Every structure is written in C-alpha cells, then in structure tokens.
Asks: 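Let me begin by handing over the structure; questions about it come next.
Keep in mind the model is a prediction, meaning the values are calculated, not measured. When a ligand or atom number is given, it counts from 1 through the structure's own listing order.
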Amino acid sequence: MRSDFGTTSKGENASLYTMKNKNGMTAAVSDYGAVLVKVLVPDRDGNMQDVVLGYDDVRGYESGTLYFGATVGRVANRIGGGAFELNGKTYVLTQNDGGNTLHGGKDYYDKRMWEVREADDSHVTLMLHSPDGDQGFPGEVEILVTYTLTDENEIKICYHAVPAEDTLMNLTNHSYFNLSGHASGLVLDQEVMICADAYTEADAQSIPTGRVIPVQDTPMDFRERKPIGQEIGADYQALVFGQGYDHNWVLNGSGYRQAAAMYSAQTGIEMKVYTDLPGMQFYTSNFIVQENGKEGAVYRKRQAACFESQYFPDAVHKEQFEGPVVRAGESYDTVTVYQFR
Ligand code: BGC
C-alpha cells in the first residue's frame with residue numbers, strides 16, 4: 001500500500017510503501033533513501049511494537065544524520081585515508097569522518113529519491129542510478145534493493161547491481177533496533193548473540209589494523225546470548241575507542257547463515273539476523289546525543305543496536321580481507337534477513 005510521506009525541501013514527493021504478512025506483521029519502506037521506516041511486530045501480549053528508530057516523515061530523514069533505517073553505499077563503513085587505488089588509478093573520496101570516509105562520504109544514498117520498480121503487499125523493489133564518479137567512485141551502476149516481508153516474519157533485503165566498470169561495492173542497511181519498542185529507552189538489558197569467534201581490531205579512528213582478534217575472554221564475546229550492557233563499560237581498548245560496541249565481527253562460516261540474534265525479555269520479541277556476507281558491524285548507537293524521532297520520541301545514546309552486514313571495513317586496503325572490489329559486468333548480489341518471533 002502506498003501513502004504520502006511528505007515533500008522534501010527540494011519539492012520531491014516521497015512515498016511510504018507498507019507491507020503486511022498473514023501474522024499481522026507490518027514493515028514500511030520509503031522511496032526517499034530506500035529507508036526502512038517501520039517494523040511492527042506483535043509482542044507476547046499481542047500488542048504491536050515498532051522496533052526500529054525513525055522519523056514521522058521525509059523531512060526527518062532529510063535532516064537526520066544518523067542513518068536511521070538507511071540503505072548505505074556505495075561503500076558502507078570506513079575507507080581509511082579517504083582514498084583508494086584500483087587498477088593503478090587513485091580515487092579520492094570525501095573525508096567525512098576525521099581523515100577517513102564513512103558510509104559513502106557525501107551525497108549519501110539515503111538522501112536521494114529512489115525509483116520504485118515494483119511494490120505490492122509483500123515486497124518493494126527500489127532502484128538508484130549511480131553514475132560514474134558518484135561520491136568519487138568509478139563505474140556507473142544501477143542498484144536494486146528489494147525488501148520482502150515474508151510469512152515467516154522475515155524482512156529480507158536483497159541487493160543487486162552490475163557495475164559498468166571495476167568499482168567498489170558494499171551496501172548495507174543501517175536500521176537501529178530496539179525490541180522493547182523504538183521509544184522504550186535503553187537497550188542495555190536486551191540480549192545479543194553474535195555468531196563470531198573473532199572481530200577485527202581497529203584503531204582509535206575505527207580503521208581496522210588488519211589483525212583479527214579472538215573474542216574468547218574479551219567483552220567482545222557474544223557467542224552465548226548476554227545483555228548488551230553486561231560488559232559495555234569494561235576497561236577494554238576496543239570499547240574505549242568505540243565508546244561502546246562499534247566493531248566488525250568476523251562471522252563464522254560462509255554462505256548464507258545466521259549472523260546474530262537479539263532478544264527483549266520485556267516484550268518477548270526475538271530477532272535473528274542472517275546474511276551471506278563475511279562481516280557485521282554491531283553498533284550500540286554510541287553517538288546519538290539527542291534526536292527527535294517518530295511519534296514524539298526522543299532518542300539518546302544506547303537506545304538501539306545496529307546489525308550492519310558488510311565486507312570488513314577498509315577491506316580495499318587490506319589484502320587479507322575479502323571484497324569489496326566488483327569487476328565490470330560482474331553481478332553483486334547479497335542478502336540480509338531480519339527475522340522476528
Ligand atoms: C559506524 C559508527 C557511526 C554510525 C553512524 C556505524 O556504522 O560504525 O561509527 O557512528 O554508523 O550512525
């Protein structure tokens with residue numbers, strides 16, 4: 001179902017596409033930024049809880065800088081030094097995070113109108129045309145993102161792109177989840193599990209050093225479900241640098257598999273995350289100061305968690321990390337699923 005989602009400051013009309021499944025779950029996506037705006041899940045008492053942070057209309061998404069629900073590209077996460085070399089040529093990007101590039105660097109994908117290619121009660125396909133040189137990256141490409149709400153209570157996000165030239169691609173979804181409801185406050189008592197025996201060490205600017213550190217005996221160990229807040233304040237260098245969790249976990253196994261889970265004892269809502277990508281940024285919204293959100297909610301630090309499936313940050317500068325180079329004519333296809341119960 002399509003509804004109006006307001007008008008941007010440039011006068012573009014934005015829409016909201018709402019999907020429903022047979023269990024009463026609802027998800028809504030906007031053509032502005034291909035952002036995931038709402039995820040309504042029944043809690044244990046049958047009340048609907050909106051479990052993602054967001055804004056009431058397009059103007060919020062236009063002025064927001066936190067990537068709520070965002071589709072992030074062309075390269076999500078960081079590129080050290082804001083530049084890279086490909087086929088002997090140097091490409092200079094915008095340094096928007098110290099001297100580094102974060103989430104594309106400028107003219108973000110979540111600040112543009114996407115073209116809706118298909119939409120019905122169970123899926124929405126959006127397209128972004130990204131020209132050669134967009135954000136500083138080479139290679140023209142049409143990016144397709146399909147959100148599907150299945151009767152298995154999955155929000156399935158499929159990415160498809162075939163660049164015209166060799167380029168870098170690393171698309172992710174930056175939804176902020178709070179399984180007690182988007183306006184319920186801190187998530188520190190909600191439990192998280194991450195299917196990873198290791199994480200990538202990063203410096204004080206969050207650029208990976210190249211070292212892969214076992215999580216064993218560290219506060220980064222989420223192999224067994226534990227409250228997010230249990231060790232978040234530990235005197236551990238990674239947590240000090242990140243001001244909480246803001247790291248890439250090296251997901252166990254390969255191919256499509258479970259990456260993580262989150263659980264709220266308050267609502268009984270559980271979310272499982274699946275992906276075919278090698279890594280996942282688990283970010284505990286350490287840098288939200290105060291943000292006015294949906295339905296009068298005011299969001300602050302640690303009131304949500306992001307599970308951003310990805311190639312490892314700065315992979316372009318690390319030979320031992322897979323991706324994110326996609327060759328001309330090659331198909332970039334990845335999938336990430338958030339499943340609720
Ligand atoms: C990054 C954080 C950053 C956030 C922006 C995350 O993917 O890892 O460092 O502050 O995005 O909302």
Asks: So which heavy atom in the protein is nearest atom 10 (O) of ligand 1, and how far is it from that ligand atom?
Replies: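 Atom 10 (O) of ligand 1 sits closest to the protein heavy atom F287 CD1, 3.2 Å.
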Asks: Suppose we measure from atom 12 (O) of ligand 1 to each protein heavy atom; which comes out shortest, and what is that distance?
Replies: Y176 OH, 3.0 Å
Asks: Between L66 and ligand 1, is there a nitrogen or oxygen pair with a distance under 3.5 Å?
Replies: yes
Asks: Taking distance alone, with N or O pairs closer than 3.5 Å, would you say N77 contacts ligand 1?
Replies: no
Asks: Using distance alone, determine whether Y67 and ligand 1 share an N or O pair under 3.5 Å.
Replies: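 There is no such contact.
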Asks: State whether a side-chain donor-acceptor pair under 3.5 Å links T200 with R211.
Replies: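 Note: T200 and R211 side chains miss the donor-acceptor criterion.
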Asks: Considering only protein heavy atoms, which is closest to atom 8 (O) of ligand 1, and at what distance to one decimal place?
Replies: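 Checked against all protein heavy atoms, atom 8 (O) of ligand 1 sits closest to D246 OD1, 2.5 Å.
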Asks: Should H247 be listed as contacting ligand 1, given a heavy-atom distance under 4.0 Å as the test?
Replies: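 Contact absent.
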Asks: Does a donor on one side chain and an acceptor on the other come within less than 3.5 Å for H160 and D333?
Replies: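 Yes, side-chain donor-acceptor contact under 3.5 Å.
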Asks: With heavy-atom distances below 4.0 Å as the criterion, list the atoms of ligand 1 near Q281.
Replies: 8 (O)
Asks: Find all atoms of ligand 1 within a distance of less than 4.0 Å from any non-hydrogen atom belonging to H103, and give their numbers and elements.
Replies: 6 (C), 7 (O), 11 (O)
Asks: Just to confirm my output: which protein heavy-atom neighbour is closest to atom 7 (O) of ligand 1, and how far is it?
Replies: E308 OE1, 2.5 Å
Asks: Does the ring centre of Y176 sit less than 6.0 Å away from the ring centre of H174?
Replies: yes
Asks: For atom 11 (O) of ligand 1, find the nearest protein heavy atom and state the residue, atom name and distance (0.1 Å precision).
Replies: H174 NE2, 2.8 Å
Asks: Is the Y67 to Y283 ring centre distance short of 6.0 Å?
Replies: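 No.
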Asks: Centroid-to-centroid, Y61 to F68, below 6.0 Å?
Replies: no
Asks: Please confirm whether the ring centroid of F282 lies under 6.0 Å from the ring centroid of Y199.
Replies: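 No - the distance between ring centres of F282 and Y199 does not fall below the 6.0 Å cut-off.
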Asks: Do E118 and H123 pair up side chain to side chain, a donor and an acceptor below 3.5 Å, judged on atom types alone?
Replies: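 Yes - a donor-acceptor pair under 3.5 Å links their side chains.
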Asks: Tell me whether the centres of the aromatic rings in Y274 and Y338 are closer together than 6.0 Å.
Replies: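 No, the ring of Y274 stays outside the 6.0 Å limit from the ring of Y338, centre to centre.
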